[in-house]
Amino acid sequence: MKEHILLRHRDIPDLHRLEVYQKHGGFETFRRAVTTLKPEEVLNEVKASGLRGRGGAGFPTGVKWSFLPNNLWPHYVVANADESEPGTFKDREILESNPYQFLEGLMLASYAVQANLSYVYLRGEFWQIARHLDACIAELEAAGLLGEHLFGTDYSLRIYTHLGAGAYICGEETALLESLEGKLGQPRLRPPFPAVYGLFGKPTVINNVETLANVPPIVERGASWYRTYGTEKSPGVKIFCLSGCVNHPGNYELPLGTTFRELIFEYGGGVPAGRKVKAIMAAGASSSLIAADENALDTPMDYESVQEKLGAPLGSASVIVIDDSVNIAWLVSKTIEFFKHESCGKCTPCREGTFWMNRIAQRIEHGKSAPEDVQLLEAVASQIQNKCLCALGEFSIMAVLSGIQKFRTDFEAKVNG
Amino acid sequence: MNELQREYPEEIERILAKYPPENKRSAVMPLLYLAQRRQGYIPPQAIQEIAQILELSTTEVASVAGFYSLFHEQPEGRWRIQVCTDLPCALRGADEFLKRLCEALGVAVGGTTADGLFTVEEVKCLAACHRAPVFQLQGDGEIKYYESQSIDTVLALVEELRCKAESKKEGA
C-alpha cells in the first residue's frame, strides 16, 4: 500500500516517540473527541465504519461497544495483547513501533464507553514491550493526555499494563479476564457475556490491539473514508502475517479482499525455488487446511469469501504457507502438540482429546502406527467438536479433520512406512 | 511485614495501586514475577508471603504459579534459553536449531548445563514466526527476544553470558 494506516511507522521514522506521533496529528483526535464529541458519536462512527475485530472472530467492533448497559457501572476496556496464535506476529509490531496509535485507540474506545480505568493484557513473553508501554503511559500522563479531568472536562482515564505468564488460552476473552483477576486462565461459561459481566463482574469491552489501532484513523477521517478500503462486508485494511515456506515472510498491511496469490507471490516473493504451494493455513495453527489450487490462490482474503469459497475461517489472517516438501501428517502432529500443551484442562473433551490425538499423531509421525490409526485420529477429533466451553477445543481439530480429508495419502504414506 | 515486602516495598505498592482495592487478587501474577526475580524460581516461602499480602490461601497462589508456563517452581539454570518449535518456526528450521543447540551445550531438552548457567527449553509460539529460528532468554527477572538466529549467534550469546557470570564472581 502507498500509505500505511496501521503500520505508519514504516512511513514515518521514530513514530514510537511521543513528540513525533504528536507532530503527525497524534492525540488530536482524542482531544477533539473528549472536548467536542459525545461518547455515542465516537461509538457510532466506529459502528458505521464496519470495523470488525482483528483478533480472529471478526465481530463488528462498534456493535460490541454498544452492548454495554448504561445502568451498570463502572465500565472497563481491556486491550487484548496476548497474541499467541502460531503464525501471528502483527500486534507485536504495532506495540513495538507504533504504540501511541494503539494507545490512542484504546483511549478513544474507553471514552466511547465511558470507562475510567483500562488495562492492556500482554502475554508474559512481551515483557520488554510492557516496560516500553509503561514508559509511554507515563509520558502521556506527564503530557496531560491521561489522568484526571482531561482537557478540563469531567472525563478521567487511567491505563495500566498487566502481564500474563505463558498461556495461549488467555487470548480467549473470558480466560483473559479470569487471568487479569488473578485466577487460572480458564474460560467462563457464557452467557453472561463480558459486555454485561466482565472484569471484576462489571461491563467490559475486550478488543484486540490491531482493532484498536484502527480506531484513531476511523474517528479522524470518518467511516466513509475507511470504507473505501476492503469489501462491503469486510471493510478496511488488515495486517496479514505471512510465514512458513515463503521467501519474504513478514507483516503486510493490505485491504481486506486481497487475494492469497497477491500476498504470497507479489508481496511474499513466492515459495523457495523449485517448490510449489501445497496448502495454506489462513488463521494460524487454528486453521482448516486449504488445498492451494488455482481457485484457492485467487480467493480474496475477506471474512466472507474465505469462508464461503474455501470453507475455512480467515481468523486473524495469519497465513502459513506450506510447500510440497511438507508432509501433512507431520504438520498435523505439530498443531496437535501445540493445542495439547495449551489446553487449560477445564473441559474434558479438549483436555483428554488433545492428549489422545497427540499420542496417535506421534505414533503416525514416527511410523509406529496401525492402519486403523488414521480413522481413530479422525474419530477422536470428531468427539471434541462442539463439546467445549471455548474455541480452543474446536481449533485443535481444524487441521486434523481437514488434513485427513484433503491429504489422506500423506497419512497413508506414514502409516505404510 | 514479610520478606518480600521488605525487599520490594515500593514495587509492591506500585503493583497494588493498579487494581481496585477490593480486587487486589489481580496482583497475584505481578507478585509472582517479583518473587521469581532474584532466584529464577518461586520458593515455597514466597507463595505464603504473596498469599499473606493478598489475603488468599496458599493453594490459590500456588495454583496460579503452577498454571502458567513462565512461572517456575524449581531452580534451574540462571538463564533459560527457550526455543520455539511450533509449526511456522519448524518450517524454517527450528527443530534442527534446537537439536544443534542441545548438542553444543551437551544437554537434552529441558536439561541444564553443568555450570548451572543455562537450561534449554522447548516453548510454544513466541509471535516471531517470520524471524525463525527464534528463542527468548528468561533470567535475572527479564525476558528478551533473540530473532533470526543461527547456531553461531546463540553460541556467541552463551559465551557472552558466561563471561558476565564469571566477571561477577571475580568482582565479588
Side-chain angles (χ1 to χ4, degrees), chain A residues 74 83-92 117 119 123-128 158 160-168 170 179-186 199-200 241-246 248-251 281 284-285 318 320-323 326 330-331 334-335 337-338 341-342 344-345 399, chain B residues 14-15 17-20 22-33 36 42 50 54 56 60-61 63-72 82 84-92 94-95 122-132 134-138 141-145 147-148:
Chain A
E83 181 165 66
S84 303
E85 179 71 43
T88 310
F89 40 85
K90 60 187 178 66
D91 296 338
R92 219 189 112 201
L117 180 55
Y119 291 95
R123 60 179 300 179
E125 291 81 353
F126 288 176
W127 182 86
Q128 283 175 299
R158 296 269 173 203
Y160 294 110
T161 60
H162 182 99
L163 270 184
Y168 167 80
C170 293
S179 180
L180 182 47
E181 290 182 2
K183 302 171 193 157
L184 306 193
Q186 292 186 319
L199 182 63
F200 309 134
C241 306
L242 184 63
S243 70
C245 310
V246 281
H248 306 302
N251 286 320
M281 300 179 87
S318 309
I320 307 175
V321 179
I322 294 116
D323 74 21
V326 178
W330 168 82
L331 178 149
K334 275 281 181 189
T335 62
E337 203 185 335
F338 173 79
H341 185 269
E342 298 299 342
C344 79
Chain B
R14 226 177 7 248
I15 288 167
K18 287 183 172 188
Y19 312 99
E22 64 276 24
N23 303 103
K24 65 178 176 177
R25 180 181 180 145
S26 287
V28 65
M29 285 163 75
L31 291 180
L32 284 167
Y33 275 119
Q36 186 168 266
I42 301 157
I50 293 170
L54 299 180
L56 294 171
E60 284 169 315
V61 179
S63 69
V64 172
F67 184 85
Y68 296 94
S69 63
L70 287 173
F71 295 135
H72 309 292
Q82 300 168 327
C84 172
T85 56
D86 265 328
L87 178 64
C89 282
L91 290 170
R92 306 186 75 83
D95 286 319
E122 193 175 6
V123 294
K124 298 298 158 199
C125 187
L126 296 175
C129 321
H130 54 323
R131 298 183 191 136
V134 57
F135 64 87
Q136 64 182 2
L137 188 76
Q138 189 181 16
E142 300 183 339
I143 297 173
K144 286 181 182 163
Y145 272 49
E147 301 176 274
S148 305

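Only a predicted model underlies this, so the values are computations on that prediction, with no experimental measurement involved.
Here the closest non-hydrogen pair linking A:Cys241 and A:Asn251 is SG-OD1, 3.4 Å.
Between chain B and the residues A:Ala167, A:Gly164, A:Ser84, A:Cys245, the most heavy-atom pairs under 4.5 angstrom are made by A:Gly164. Ranked by non-hydrogen atom pairs under 4.5 Å with chain A, the options B:Cys84, B:Ala17, B:Cys89, B:Pro20 are led by B:Pro20. Contact tally against chain A (heavy-atom pairs below 4.5 Å) for B:Met29, B:Gln82, B:Arg131: the top residue is B:Met29. The most heavy-atom pairs under 4.5 Å with chain A, out of B:Val28, B:Val64, B:Asn23, come from B:Asn23. Taking B:Glu142, B:Glu60, B:Gln136 one by one and counting their heavy-atom pairs under 4.5 Å with chain A, the maximum is reached by B:Glu142.
Heavy atoms of A:Leu184 lying under 4.5 Å from chain B belong to its backbone as well as its side chain. Neither the backbone nor the side chain of A:Tyr168 has a heavy atom closer than 4.5 Å to any heavy atom of chain B. Heavy-atom distances place the side chain of A:Tyr160, and not its backbone, under 4.5 Å from chain B. Using a 4.5 Å cut-off between heavy atoms, A:Arg123 contacts chain B through its side chain alone, with no backbone atom that close. The contact between A:Glu337 and chain B is made by backbone and side chain atoms together, counting heavy-atom distances below 4.5 Å. Heavy atoms of A:Lys90 lying under 4.5 Å from chain B are absent altogether. Heavy atoms of A:Cys344 lying under 4.5 Å from chain B belong to its backbone as well as its side chain. Neither the backbone nor the side chain of B:Gln138 comes within contact range of chain A; no heavy atom of the residue lies under 4.5 Å from a heavy atom of that chain. For chain B, the nearby parts of A:Ser179 are the backbone and the side chain; heavy atoms of each come within less than 4.5 Å.
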- Task: Evaluate side chain to side chain contact (heavy atoms under 4.5 Å, CB included) for B:Leu54 paired with B:Arg25, printing each intermediate quantity in order.
- Result: CA-CA 6 Å; B:Leu54 299 180; B:Arg25 180 181 180 145; 5.6 Å; no
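Taking the six-membered ring for Trp, A:Tyr119 and B:Tyr19 have ring centres closer than 6.0 Å.
For B:Gln36 (side chain) and B:Gly141 (main-chain N/O), no donor-acceptor pair under 3.5 Å exists by modelled atom type.
None of A:Lys334, A:Glu342, A:His341 except one satisfies the side-chain contact (heavy atoms from CB on, under 4.5 Å) rule with A:Phe338; the exception is A:Glu342.
For the residue pair A:Thr88 and A:Glu83, no side-chain donor N or O sits within less than 3.5 Å of a side-chain acceptor on the partner.
Annotation: B:Lys144, atom NZ; neighbour count of heavy atoms from other residues, nucleotides and ligands within 6.0 Å does not exceed 12.
Partners of B:Lys24 according to the salt bridge (charged side-chain N to carboxylate O under 4.0 Å, His left out) rule, which considers only residues two or more places apart in sequence or in another chain, are B:Glu55.
Between the CD atom in A:Gln128 and the OH atom in B:Tyr145 there is a gap of 9.0 Å [rounded to 0.5 Å].
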